[in-house]
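The block underneath contains the structure these notes are about, expressed in structure tokens.
In what follows, chains are A, B, ... by sequence order, proteins preceding strands, each numbered from 1.
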Amino acid sequence: MSEGPGGAVLMEINAARALAGARTCFVGIGLPSTAANLARRLHNPGLVLIYESGVIGAKPSRLPLSIGDGELAETADTLVSVPEMFSYWLQGGRVDVGFLSAAQLDRHANINTTEVDRGPGRPPGRLPGAGGAPEIAAHCGEVLIVLRHSPRALVEHLDFVTTLGHGAGPGDRARYGMRGRGPTAVITDLGVLRPDPATAELVLTQVHPGVSVEQVREATGWPLRTADRVEVTAPPTETELVELNALKSA
Amino acid sequence: MSEGPGGAVLMEINAARALAGARTCFVGIGLPSTAANLARRLHNPGLVLIYESGVIGAKPSRLPLSIGDGELAETADTLVSVPEMFSYWLQGGRVDVGFLSAAQLDRHANINTTEVDRGPGRPPGRLPGAGGAPEIAAHCGEVLIVLRHSPRALVEHLDFVTTLGHGAGPGDRARYGMRGRGPTAVITDLGVLRPDPATAELVLTQVHPGVSVEQVREATGWPLRTADRVEVTAPPTETELVELNALKSA
Amino acid sequence: MAEIRGLRDAVADLIHDGDTVAMEGFTHLIPFAAGHEVIRQGITDLTLIRMTPDVIYDQLIGAGLARKLVFSWGGNPGVGSLHRFRDAVENGWPRPLELDEHSHAGMANRYTAGASRMPFALLRGYRGTGHDRRTTTVSTVNCPFTGEELAAVAAVNPDVTVIHAQQADLEGNVQLWGLAGVQKEAVLAADRVLVTVEELVRELEPRPGAVVLPGWVVDAVAVVPGGAHPSYAAGYSERDNDYYREWDRVSRDREVFCQWLKECVTG
Amino acid sequence: MAEIRGLRDAVADLIHDGDTVAMEGFTHLIPFAAGHEVIRQGITDLTLIRMTPDVIYDQLIGAGLARKLVFSWGGNPGVGSLHRFRDAVENGWPRPLELDEHSHAGMANRYTAGASRMPFALLRGYRGTGHDRRTTTVSTVNCPFTGEELAAVAAVNPDVTVIHAQQADLEGNVQLWGLAGVQKEAVLAADRVLVTVEELVRELEPRPGAVVLPGWVVDAVAVVPGGAHPSYAAGYSERDNDYYREWDRVSRDREVFCQWLKECVTG
């Protein structure tokens with residue numbers, strides 16, 4: 001198995017698996033939403049989905065296109081204003097797991113979603129910007145980053161630091177007063193990277209079935225280190241695939 | 001007419017009269033509540049009554065015993081949390097007129113509702129404290145103070161400054177960053193005092209019918225100055241008395 | 001997730017000697033029954049936080065359980081003084097009571113900072129008054145954009161917050177409506193949360209103006225119908241104004257108060 | 001008190017060249033019709049404020065009416081880029097667009113400060129990121145109690161805020177429900193307020209989760225059924241997700257966009 005639909009599915013399923021022990025989860029649109037809703041169907045029916053639009057405890061039957069879709073509000077335990085969401089619930093430390101994606105990610109799991117250089121003579125390519133990401137990364141108990149593996153995405157140097165992961169290394173989060181543990185895993189379509197506790201540098205800890213370590217290295221923009229033992233992701237179970245399909249076709 | 005029921009009635013009616021042009025009024029319990037509800041019945045049916053308990057636009061049919069009485073909530077245009085009330089509505093400058101009372105008031109309309117000295121060997125007498133008063137005085141467009149006239153209430157020196165009126169004189173409110181005009185009238189059972197624009201010192205501008213200037217001076221703890229022309233309060237009209245009685249017996 | 005449990009056990013488990021405790025409710029939904037259970041269990045040396053320490057705190061203070069009061073207005077609303085509070089402050093009876101005294105706006109902001117897990121909050125206030133000379137929890141900061149000096153108040157984060165609400169469901173999700181005071185902030189600022197409710201319902205039916213607290217921010221829910229009396233619960237009871245008036249007589253005299261305590265609370 | 005008036009007159013009276021304008025709505029209740037009226041009237045040199053400048057601001061920017069954008073996330077939710085926004089930022093077409101860029105938490109706090117009439121607000125955020133180097137509206141303050149360094153963000157106080165709501169009554173009292181976003185704060189932070197509504201009702205019937213804005217904080221109410229399309233109004237319409245997807249195609253090309261502008265807005 002290489003980059004492609006198989007890897008993408010394992011990225012989604014792995015992200016859902018990572019939510020097995022979470023009580024509350026801050027959800028963005030796209031893959032995070034798929035993973036969180038899949039986790040609710042598979043193994044964590046009590047998982048509380050929180051959307052930055054002010055939704056606490058959404059129980060959507062199908063995947064929303066936007067974080068403000070009507071069904072999220074209609075199925076919520078309660079709705080709060082956006083300022084309250086960010087102050088009392090996110091900054092208040094009420095969310096166990098946050099999901100983020102990235103246009104660029106560096107080896108310390110810092111994130112750029114603001115702009116990317118496009119070479120001499122061209123203006124930087126504009127991206128959407130920060131949204132909720134900087135404070136999700138700061139305040140959630142832990143953060144899972146999901147993105148497709150490519151040397152353009154996992155880069156040596158960010159063109160802009162939108163969201164702090166582990167800064168320049170251990171101690172930076174504490175120095176900046178951040179209370180959550182920060183990014184604990186980067187789940188891609190090739191495997192999983194986790195920060196080395198000693199250096200806070202992302203190392204390869206897991207490859208998806210059929211993916212070689214060399215393949216992951218080639219798809220990474222910095223000289224990727226690997227854990228002493230690189231595990232192979234358990235292949236999707238029948239149930240996982242069925243529920244994922246059901247979710248996507250609902 | 002002297003201190004007593006007649007004066008008390010004129011204090012209430014005068015306070016209600018002072019609300020003729022107001023759109024929104026921050027109401028405490030007791031006389032302010034009587035005055036504000038009387039104004040609604042008499043000449044300002046659109047007056048929006050705001051209570052610090054979170055009530056905006058209450059339309060009580062009878063006088064509430066507390067600012068949290070059920071009828072205030074049930075008849076409100078909307079209810080907000082107490083933090084929102086103080087931040088968005090009061091500090092936000094949304095209230096035209098605030099009412100305050102005082103255990104002690106000085107010549108610059110500063111207020112003490114915290115504690116009063118009771119002489120040597122005795123601990124100070126404890127009063128309820130600030131409540132909403134300091135910020136009502138700071139942020140309302142203007143403040144009306146209502147209290148019974150006595151040398152123990154209108155004093156040379158406050159035992160504690162709970163709420164700033166005009167500080168030590170002109171310019172103090174601006175120096176402290178206060179945006180409202182502060183106390184514009186002190187309505188008592190004997191007459192009305194207003195701050196001299198030049199000195200911000202309270203001067204007697206109005207006596208109730210049958211009350212002499214001398215009587216007011218004797219009931220004031222500082223050497224009270226009088227305006228060039230001291231007016232006599234218009235006696236209560238039949239309608240005013242009827243509505244006041246109706247309100248009190250409802 | 002909130003556990004549904006008996007009031008006695010919940011109070012014993014969640015509130016301990018020396019704790020900082022907030023029992024909130026702005027006239028409405030005051031958790032009197034929980035307060036009385038604290039008195040029965042003799043949980044003492046408490047730092048009590050409350051914007052409006054009315055009759056419930058007068059009772060706790062008179063029972064000698066409070067060492068400190070953090071508050072902004074200490075009266076019997078619409079009636080007069082809190083005599084037990086006064087006796088403690090003026091005469092140290094039955095024990096001295098330390099005060100940390102604020103304005104309502106200051107206290108509301110302190111709770112907001114607590115709920116937001118910020119160390120302090122900002123407001124326009126306090127300037128020119130005597131409050132900042134009596135407390136270490138008021139200070140000033142200058143706006144980095146305009147230079148303006150503003151008041152800063154330290155966050156409050158109670159060890160325990162106790163509130164009364166109309167309803168909870170079986171998973172401990174709580175709904176309260178009517179005047180909501182500062183209850184949401186007091187709950188979210190606290191380490192531990194006890195909610196007494198009028199009734200347990202199968203499903204919370206959304207109501208206009210309701211505040212919903214998910215069960216996962218609450219530690220225990222105890223079903224105590226009438227648990228706010230003499231305060232009230234909109235939709236369930238009316239405020240017992242006569243009780244508040246009568247409290248003036250009961251609390252005015254130490255002996256009458258002690259008699260009341262024995263007859264009506266500690267039994 | 002809010003006046004009930006036609007959209008064209010209300011926009012002409014309340015929004016002027018050079019104004020700072022906030023049109024808020026977090027996915028839900030976005031005031032598209034009012035935005036299109038601004039385009040029709042050619043009101044220009046606007047500083048546009050909005051947490052999520054989605055398609056409505058893409059249209060205003062593409063029409064050349066914005067000189068500056070104050071925002072925190074500029075994408076087409078669930079679809080991709082805002083191409084007119086990108087073209088303005090990357091290529092200055094049809095005119096350069098100055099940016100004041102924040103995080104959502106920062107923007108939410110800026111509105112809260114604005115509504116509270118404070119010059120700034122505090123949050124834990126921004127530290128270690130590149131944002132503070134690109135804007136003058138982020139700074140730091142130290143807590144006077146703990147010494148901790150916190151982020152400070154300058155208040156936003158729009159000249160005009162425009163929102164869409166479900167209902168207003170004849171006195172201009174407004175009720176909206178469902179996702180309420182930052183609308184209350186945006187309204188209370190502004191000098192002038194325009195609300196478009198789905199319908200005028202005799203009396204507002206209280207609804208769960210509703211935000212009520214008294215008529216005396218609103219300048220004008222315009223009845224514009226469907227005024228949020230392609231966004232939606234809970235209880236009245238559904239989000240037109242196809243429109244958002246189609247916008248990707250329309251906006252990608254300058255000529256196609258200009259054609260759309262003529263056909264669908266300026267007519």
Side-chain angles (χ1 to χ4, degrees), chain A residues 29-30 33 51-55 64-70 72-74 76 78-87 90-91 110 112-115 118 122-136 138-139 158 160-165 167-168 172-173 175-179, chain D residues 25-28 51-52 54 71-79 81-82 85-86 88-92 99 101-109 111-112 115 123-131 134 148-150 177-185 209 211 231-232 234 238-239 241 244-245:
Chain A
I29 284 306
S33 178
Y51 291 78
E52 63 194 11
S53 50
V55 177
L65 181 67
S66 87
I67 56 165
D69 271 16
L72 297 178
E74 286 154 22
T78 185
L79 301 178
V80 301
S81 74
V82 164
E84 179 180 325
M85 175 56 74
F86 281 97
S87 293
L90 183 59
Q91 186 176 262
N110 303 302
N112 174 17
T113 54
T114 299
E115 64 180 27
R118 292 187 297 185
R122 294 190 68 198
R126 178 67 220 194
L127 304 170
E135 286 79 21
I136 290 172
H139 306 308
L158 299 186
F160 184 87
V161 182
T162 311
T163 297
L164 195 81
D172 258 21
R173 290 187 62 83
R175 182 156 49 252
Y176 290 128
M178 293 183 171
R179 301 182 155 195
Chain D
F26 213 92
T27 309
H28 179 218
M51 292 182 65
T52 53
D54 67 353
F71 77 112
S72 41
W73 192 83
N76 183 345
V79 178
S81 286
L82 291 177
F85 159 68
R86 287 191 61 166
V89 174
E90 295 175 4
N91 310 308
L99 299 183
E101 190 166 355
H102 283 259
S103 70
H104 277 350
M107 281 300 291
N109 273 287
Y111 274 121
T112 299
L123 71 156
R124 292 179 190 280
Y126 291 98
R127 299 187 62 193
T129 75
H131 296 100
R134 294 201 179 184
E148 189 183 353
E149 184 177 297
L150 300 160
W177 62 88
L179 297 172
V182 73
Q183 278 97 310
K184 183 184 262 192
E185 288 75 17
V211 167
S231 169
Y232 70 107
E238 303 256 322
R239 191 169 190 270
N241 287 331
Y244 279 88
R245 288 195 197 92

Region of [X] in contact with chain D, defined by heavy-atom distances below 4.5 Å:
X: A:Pro124; value: backbone
X: A:Arg173; value: neither
X: A:Glu84; value: neither
X: A:Met178; value: side chain
X: A:Phe160; value: side chain
X: A:Leu127; value: backbone
X: A:Ser87; value: side chain
X: A:Arg179; value: side chain

Checking [X] against chain A: side chain, backbone, both or neither under 4.5 Å from a heavy atom?
X: D:Val89; value: side chain
X: D:Glu185; value: side chain
X: D:Leu99; value: side chain
X: D:Ala234; value: neither
X: D:Thr112; value: side chain
X: D:Met51; value: side chain
X: D:Tyr111; value: neither

A:Arg126 and A:Thr114: CA distance, side-chain angles, deciding distance, side-chain contact (heavy atoms from CB on, under 4.5 Å) verdict: CA-CA 6 Å; A:Arg126 178 67 220 194; A:Thr114 299; 3.9 Å; yes

Using side-chain heavy atoms (C-beta onward) and a distance below 4.5 Å, is [X] in contact with [Y]?
X: D:Asn241; Y: D:Tyr232; answer: no
X: A:Ser53; Y: D:Thr27; answer: no
X: A:Glu135; Y: A:Thr163; answer: no
X: D:Glu148; Y: D:Arg124; answer: yes
X: D:Ser103; Y: A:Phe86; answer: no

Starting at [atom1] of [X], measure out to [atom2] of [Y] and round the result to the nearest 0.5 Å.
X: D:Glu101; Y: D:Met107; atom1: CD; atom2: CE; answer: 11.0 Å
X: A:Asn110; Y: A:Leu158; atom1: CG; atom2: CG; answer: 6.0 Å
X: A:Glu74; Y: D:Leu179; atom1: CD; atom2: CG; answer: 9.5 Å

Compute both the distance and the angle, then confirm whether D:Arg239 meets the cation-pi test with D:Tyr244: under 6.0 Å from the six-membered ring centre, within 45 degrees of the axis.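 Yes - D:Arg239 lies over the ring of D:Tyr244, closer than 6.0 Å to its centre and within 45° of its axis.
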
Max heavy-atom pair count under 4.5 Å with chain D, selected residue of [options]:
options: A:Arg122, A:Met85, A:Glu115; result: A:Glu115
options: A:Ala138, A:Ala130, A:Ala168; result: A:Ala130
options: A:Thr78, A:Thr162, A:Leu79; result: A:Thr162
options: A:Gly125, A:Gly177, A:Ala133; result: A:Gly125
options: A:Gly132, A:Gly54, A:Gly131; result: A:Gly131
options: A:Val80, A:Val82, A:Val55; result: A:Val82

Would you say D:Asn76's side chain and D:Leu82's backbone share a donor-acceptor pair under 3.5 angstrom?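 No; zero donor-acceptor contacts below 3.5 Å.
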
Closest-packed option against chain A by number of heavy-atom pairs under 4.5 Å, given [options]:
options: D:Gly25, D:Gly209, D:Ala108; answer: D:Ala108
options: D:Pro77, D:Ser231, D:Gly128; answer: D:Gly128
options: D:Ala105, D:Ala180, D:Gly178, D:Gly78; answer: D:Ala105
options: D:Glu90, D:Arg245, D:Arg86; answer: D:Glu90

With sequence neighbours left out, write down each residue that passes ring-ring contact (aromatic ring centres under 6.0 Å, His included) with D:Phe26, or none if nothing qualifies.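 D:Phe26 satisfies ring-ring contact (aromatic ring centres under 6.0 Å, His included) with D:His104 only.
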
Residues which pass ring-ring contact (aromatic ring centres under 6.0 Å, His included) with A:His139, listed by chain and number, not counting sequence neighbours: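 A:His139 satisfies ring-ring contact (aromatic ring centres under 6.0 Å, His included) with no residue once adjacent residues are dropped.
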
Nearest atoms (heavy-atom pairs only) where A:Tyr51 meets A:Pro64: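 Nearest heavy atoms, A:Tyr51 then A:Pro64: OH-CG, 4.2 Å.
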
Kindly give the heavy-atom pair with the smallest separation between D:Gly75 and A:Pro128, and that separation in Å.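 The pair with the smallest heavy-atom distance is N-CB, 4.2 Å.
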
